[in-house]
Amino acid sequence: MNPVIIKAIARKEFYHLVRDFRSLYLAFVIPLLLILMFGYALRMDVDSVKTVVVDYDKTGTSRDLVRKLDASSYFQIIRYCNESPSAIRYLDQGIATMAVVIPPGWTEDLKRDRVSSIQVLLDGSDPNFAGISRGYITAFVEAYNRDCLIDFLNRKGMESIKAPVDGRIRVWFNEDLDSKNFIVPGIIAIIIMIAGAMLTSLVIAREYENGTMETIRSLPIGGGEFLVGKAIPYFLIALTDVLVAVFMGQVLFGVVMKSSFSLLVLAATIYISVALSLGLLISIATKSQLVANLMAILITFLPSFLLSNFVYPVENMPKIFQALTYGIPATYFIDILNGLYLRGLGLAHLWPSYLILVGMFAVLAKIGFALLRREGM
């Protein structure tokens with residue numbers, strides 16, 4: 001490859017980018033908006049469950065239960081109702097997601113050491129939210145039962161009963177269970193697909209539509225030089241977007257990488273190369289900017305968002321979609337990002353994902369060169 005020819009092609013593509021504000025908008029503004037939107041708006045955490053309470057008992061014990069419920073960071077009591085139909089209306093209207101009904105005589109049953117029930121109603125329109133909320137209220141009731149049992153034993157002058165199994169839970173890697181700690185790194189993979197594959201899917205198709213491809217064929221330019229020169233400006237743009245995303249993630253959201261920054265740059269370089277190769281391959285194969293843009297969205301952006309273990313766990317998908325995830329580059333890049341950001345892993349543990357991305361780049365580049373040779377370059 002001739003570096004002079006590559007430099008000339010890259011400079012020509014750079015001038016085109018500068019003059020085409022729409023490409024620059026897609027390359028810089030949209031990634032920044034994605035970081036802000038995903039970082040602030042997309043949250044998987046369930047806290048402050050909006051709760052309405054119906055207290056038919058109206059005793060000091062029932063008020064103590066409600067006070068402890070409201071003191072928990074997982075629940076937020078927004079209304080106190082006099083009857084159950086009023087609480088159900090709040091659930092129907094979407095104002096509340098949980099209702100707690102304390103029946104009359106509840107305290108009397110406790111004092112007489114009888115089983116006493118409270119009713120919990122949950123809005124199940126969002127199964128994930130309802131399932132997590134049910135786990136929260138179940139844990140709360142179990143803790144309250146334990147306190148009541150200890151109080152009962154103290155009143156009887158008996159020793160506290162110790163449970164035979166003492167489970168001590170510790171969360172590794174993401175101790176606060178904060179969703180932003182994996183959403184912010186994961187959005188980097190989406191940004192690269194936008195700045196890389198979607199932009200480069202238009203560059204060669206544009207040459208075909210403008211009729212300049214015939215002129216390029218007549219020049220002493222090899223296929224490799226043509227592709228590398230076309231890819232250099234977009235590589236620099238994508239790498240800049242990655243650095244900006246890392247900076248914004250740390251400054252705005254407090255997401256700090258636990259491992260080596262150089263490993264992130266290495267992984268981003270390989271992944272950007274894969275995205276650019278895929279975009280150029282789409283551009284060569286379609287020869288139409290409209291078709292190339294649609295193909296890039298279907299082949300790169302949507303699979304990277306939906307089938308890469310970013311938003312939806314792969315284990316919960318049907319088997320056929322689980323098989324598809326193995327062919328999506330973002331799956332391996334997100335695995336690297338999780339290892340670098342959350343688990344503090346090094347190359348000794350992450351090298352399989354690095355190697356797979358290198359293999360994908362080699363295959364895509366080879367196919368792209370073969371298609372250009374078929375076109376006479």
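This one's a predicted model, so the numbers in the text were calculated from it and none came from an experiment. Positions are given from 1, in the same order as the sequence printed here. Heavy atoms only: backbone and side chains are in, while hydrogens, waters and symmetry mates are out.
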Minimum heavy-atom separation for [X] to [Y], with atom names?
{"X": "G224", "Y": "F369", "result": "CA-CE2, 3.4 Å"}
{"X": "S117", "Y": "W106", "result": "O-CD1, 3.5 Å"}
{"X": "G196", "Y": "L276", "result": "CA-CD2, 3.7 Å"}
{"X": "I282", "Y": "A296", "result": "CD1-CA, 4.0 Å"}
{"X": "A205", "Y": "A292", "result": "CB-CB, 4.5 Å"}
{"X": "P103", "Y": "D57", "result": "O-CB, 3.5 Å"}

Any heavy-atom pair between the side chains of [Y] and [X] that's under 4.5 Å?
{"X": "I191", "Y": "V242", "result": "no"}
{"X": "V66", "Y": "I102", "result": "yes"}
{"X": "I204", "Y": "L227", "result": "yes"}
{"X": "L340", "Y": "L350", "result": "yes"}
{"X": "V100", "Y": "L69", "result": "yes"}
{"X": "L122", "Y": "R134", "result": "yes"}
{"X": "V255", "Y": "P185", "result": "yes"}
{"X": "M198", "Y": "I297", "result": "yes"}

Enclosure of [X] [atom1] (heavy-atom neighbours >12, cutoff 6.0 Å):
{"X": "K366", "atom1": "NZ", "answer": "no"}
{"X": "H349", "atom1": "NE2", "answer": "no"}
{"X": "F261", "atom1": "CZ", "answer": "yes"}
{"X": "Y80", "atom1": "OH", "answer": "yes"}
{"X": "L33", "atom1": "CG", "answer": "yes"}
{"X": "K230", "atom1": "NZ", "answer": "yes"}
{"X": "M360", "atom1": "CE", "answer": "yes"}
{"X": "Y326", "atom1": "OH", "answer": "no"}

Would you give the length of the straight line joining atom [atom1] of [X] to atom [atom2] of [Y], rounded to the nearest 0.5 angstrom?
{"X": "S283", "Y": "N293", "atom1": "OG", "atom2": "CG", "value": "10.5 Å"}
{"X": "R373", "Y": "L371", "atom1": "CZ", "atom2": "CG", "value": "10.0 Å"}
{"X": "Y271", "Y": "L357", "atom1": "OH", "atom2": "CG", "value": "8.0 Å"}
{"X": "F333", "Y": "I356", "atom1": "CZ", "atom2": "CD1", "value": "14.5 Å"}
{"X": "T300", "Y": "L302", "atom1": "OG1", "atom2": "CG", "value": "8.0 Å"}
{"X": "L34", "Y": "I187", "atom1": "CG", "atom2": "CD1", "value": "5.0 Å"}

Point to revise | Step-by-step salt bridge (charged side-chain N to carboxylate O under 4.0 Å, His left out) determination, R343 to D335 | key: CA-CA 11 Å; R343 292 175 285 178; D335 178 65; 3.6 Å; yes

Practice item. Could you tell me how the ring of F75 sits relative to the ring of F140: parallel (under 30°), tilted (30 to 60°) or perpendicular (over 60°)? Key: perpendicular

**Study point:** Residue pair T61 / T59, side-chain donor-acceptor N/O under 3.5 Å
**Key:** no

Practice item. Please determine, by modelled atom types, if Y56 and S84 share a side-chain donor-acceptor pair under 3.5 angstrom. Key: yes

Is there a continuous path of hydrophobic side-chain contacts, each under 4.5 Å between heavy atoms, that joins [X] to [Y]?
{"X": "M257", "Y": "I183", "answer": "yes"}
{"X": "Y208", "Y": "L294", "answer": "no"}
{"X": "Y144", "Y": "V101", "answer": "no"}
{"X": "M98", "Y": "V141", "answer": "yes"}
{"X": "L307", "Y": "I190", "answer": "yes"}

Review point. Hey, is R19 close enough to E13 for a salt bridge, meaning N to O under 4.0 Å?
Key: no

Review point. Going by an N to O cut-off under 4.0 Å, is there a salt bridge joining D70 and R67?
Key: no

Using only atom types and a distance under 3.5 Å, with no angle test, would you say the side chain of [X] pairs donor to acceptor with the backbone of [Y]?
{"X": "Q289", "Y": "E209", "result": "no"}
{"X": "Y136", "Y": "G131", "result": "no"}
{"X": "T331", "Y": "T325", "result": "yes"}
{"X": "S201", "Y": "G279", "result": "no"}
{"X": "N210", "Y": "R206", "result": "yes"}
{"X": "K50", "Y": "T97", "result": "no"}
{"X": "E225", "Y": "N2", "result": "yes"}
{"X": "S133", "Y": "F129", "result": "yes"}

Practice item. Kindly determine whether I137 and T51 satisfy side-chain contact (heavy atoms from CB on, under 4.5 Å), including the steps that lead there. Key: CA-CA 11 Å; I137 192 63; T51 307; over 6 Å; no

Point to revise | Chi angles and distances behind the side-chain contact (heavy atoms from CB on, under 4.5 Å) call for L65, D55 | key: CA-CA 10 Å; L65 172 68; D55 185 4; over 6 Å; no

Practice item. Could you go through the side-chain contact (heavy atoms from CB on, under 4.5 Å) check for Y341 and I188 one step at a time? Key: CA-CA 12 Å; Y341 267 92; I188 298 176; 4.2 Å; yes

Review point. Given S288 and T286, is the side-chain hydrogen bond (donor to acceptor under 3.5 Å, both in side chains) satisfied, shown in steps?
Key: CA-CA 5 Å; S288 169; T286 58; over 6 Å; no

Exercise for review: For L264 and L337, run side-chain contact (heavy atoms from CB on, under 4.5 Å): C-alpha distance rounded to whole Å, both residues' side-chain angles, the deciding distance at 0.1 Å, then the answer.
Suggested key: CA-CA 7 Å; L264 173 64; L337 291 175; 3.4 Å; yes

Study note, to complete from the structure: Across all chains, not counting sequence neighbours, the side-chain hydrogen bond (donor to acceptor under 3.5 Å, both in side chains) partners of K7 are none

